[in-house]
**Q** 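So that we are looking at the same thing, I have put the structure below in structure tokens.
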Amino acid sequence: MCPIAMAPAAGTGPEAGFRGVIRVTFGTAAVPAAEGDAGMAGHDARFDAADREALASLIAVLEQARVGVRLVLAGPPADVAAAAAAAAACGLLEEEVTLLANESGRRLVFCAHCRTANTTVQGVGSEVDCEGCATTLAFSGHFSRRIGGYLGFAAHAEEAA
Amino acid sequence: MTATALQAKVHPAVEGGLLLEVADLSVQTASVTSITFTDPAGTALPGYVPGSHLVVQYGDGANAYSLTGSGRHPSEYTISVLRVDDGAGGSLAMHRLAVGDLVRVSHPRSAFAPVATARHHLLIAAGIGITPMLSHARAAAERDSEATLVYVYRPGQGAHVQEARELLGPALAECTDRGSFQEELTRRLTDQKLGTHLYVCGPAAFMDTVLARARELGWPQGRLHSEPFGAAELDQGEPFTVNLARSGVTLEVPAGVSLLEALENAGKGVPNMCRKGVCGECYLPVLRGAPLHRDLYLSEQEKSANTTMMCCVSRSLDQELELDL
Ligand code: FES
Ligand SMILES: [Zn+2]
């Protein structure tokens, strides 16, 4: 279910029934020109970070939008991931959301073993030591939109086995 | 008992199923009749997922029909059958049933379930395609989830229209001509909240139109669900022969008997579910010969490769087919 939306500040959202492209950027990321949305009406919004307020106003915009809408999220990986999770909770499908995470920046890595959320600035494909259970986690392809982060698995499982 | 009453030989598609009694017949329109089955001993029936279908034996054949109930704690199963005068005979046999007749049916099978996470269900039905939609609408009402139904039918030919009105109230839109439907469709497709899923059932051309329009208006594939049953029964087809290469068996497939049924009768059952060319369960590898593809599952490309066929509906262009079986 979509979390309760806060009313958007007057004049900030697109008109009700919007079915174009909503481009949301976090931090200093450039407004992306996403492929595939040529000719679609656009609505741009920028936030410093995907904090509660930013997510609430994103949700308010999505509540007004109608099926057909596309969402593009750009910025640091953790912010993009948090916004993607909020969008998924509002009923957006993966095919409707484009994620443009910066190469660098904070990422969330969920430990598959103890479920601790670890924050790291390491890039995808590297390793991080879990703060919960000290397992060395490798994170690469397993990005979950539902939880808004990467799933990290024991990096040296094969060797140990 | 009538001519279509219980057959001694159990059709493989309903094996392990239920033996039910016709409890009620109700004429919906000049060509559609609803048939209600109950357990002769009065026992409750297995529940089912909305949009499920039931395979019903008639004579030597068996046909699949959508169940119209919500599926929750059913005490009866109801199907509605459109009479097709030049079909393979299943619908005519169903129309000849009388109250008290015993029939063999499968357990309900689910192939068109509602999406559990949907925030709204947009149901679109044409003609006899109303049947699975009624099931969805009933289930939505019971579960307090939101549903809208757009129902297209010819004037005076709307099966279940009264029930739909009672069930949906203002959430039902009725269209009896093409122009008003196109308008209604566009209006609906451009005004659905996020999280809406669309379900369409009706003749193939109708579903193509609806799905194409939805895609045009930005609906991604993941929101589109269709139940392509084809309004009409397929014709009986020509007889042909199959060679089962691996078992060295040769089988005749007479007109009016599907390849799947012929295989089943010979003790060579093939996994299957919908038995109407939709689900893709019953595929068979073809080694030689050109199948007459009649399914809705394979792509045009796959069909022209002639290396796979759906044996529940497809037949043969050549006198003989060789299968890797
Ligand atoms: S059984 Fe479903 S396609 Fe043949
Ligand atoms: Zn851990």
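Letters A, B, ... mirror the listed sequences (proteins, then strands); counts begin at 1.
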**Q** Please round to the nearest 0.5 Å and tell me the distance separating atom CD of B/Gln192 and atom CZ of A/Arg19.
**A**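 That separation rounds to 11.0 Å.
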**Q** Please determine whether the number of non-hydrogen atoms from other residues, nucleotides or ligands lying under 6.0 Å from atom CG of A/Asp48 exceeds 12.
**A**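 Count not over threshold, so no.
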**Q** Counting C-beta onward and ignoring hydrogens, is there a side-chain heavy-atom pair between A/Glu95 and B/Arg223 closer than 4.5 Å?
**A**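 A/Glu95 vs B/Arg223: side chains apart.
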**Q** With a sphere of 6.0 Å drawn around CZ of B/Phe206, does it hold more than 12 non-hydrogen atoms of other residues, nucleotides or ligands?
**A**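 Counting neighbours around CZ of B/Phe206, more than 12 heavy atoms of other residues, nucleotides or ligands fall under 6.0 Å, so yes.
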**Q** Given a strict heavy-atom distance threshold of 4.5 Å, which part of B/Leu189 is in contact with chain A: side chain, backbone, both, or neither?
**A**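 For B/Leu189, the contact with chain A is made by the backbone alone.
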**Q** Any idea which of A/Gly68, A/Ala87, A/Gly17 has the most non-hydrogen atom pairs under 4.5 angstrom with chain B?
**A**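 Going by pairs under 4.5 Å, I would pick A/Gly68.
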**Q** If you draw a 6.0 Å radius around CD in B/Gln301, do more than 12 non-hydrogen atoms from other residues or ligands fall strictly inside?
**A**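 No, the 6.0 Å shell around CD holds no more than 12 heavy atoms from other groups.
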**Q** Main chain of B/Gly218, side chain of A/Arg70: is a donor-acceptor contact present, judged purely on distance under 3.5 Å?
**A**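 Such a contact is found between A/Arg70 side chain and B/Gly218 backbone.
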**Q** Kindly give the heavy-atom pair with the smallest separation between B/Pro220 and A/Leu93, and that separation in Å.
**A**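 In terms of heavy atoms, the two residues are closest at CG-CD1, 4.2 Å.
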**Q** Taking atom CG of B/Leu194 and atom CG of A/Leu92, what is their separation to the nearest 0.5 Å?
**A**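 Nearest 0.5 Å value for the CG-CG distance: 5.0 Å.
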**Q** Charged N to carboxylate O below 4.0 Å: is that the case for B/Arg119 and A/Glu63?
**A**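 Salt bridge flag = yes for A/Glu63 with B/Arg119.
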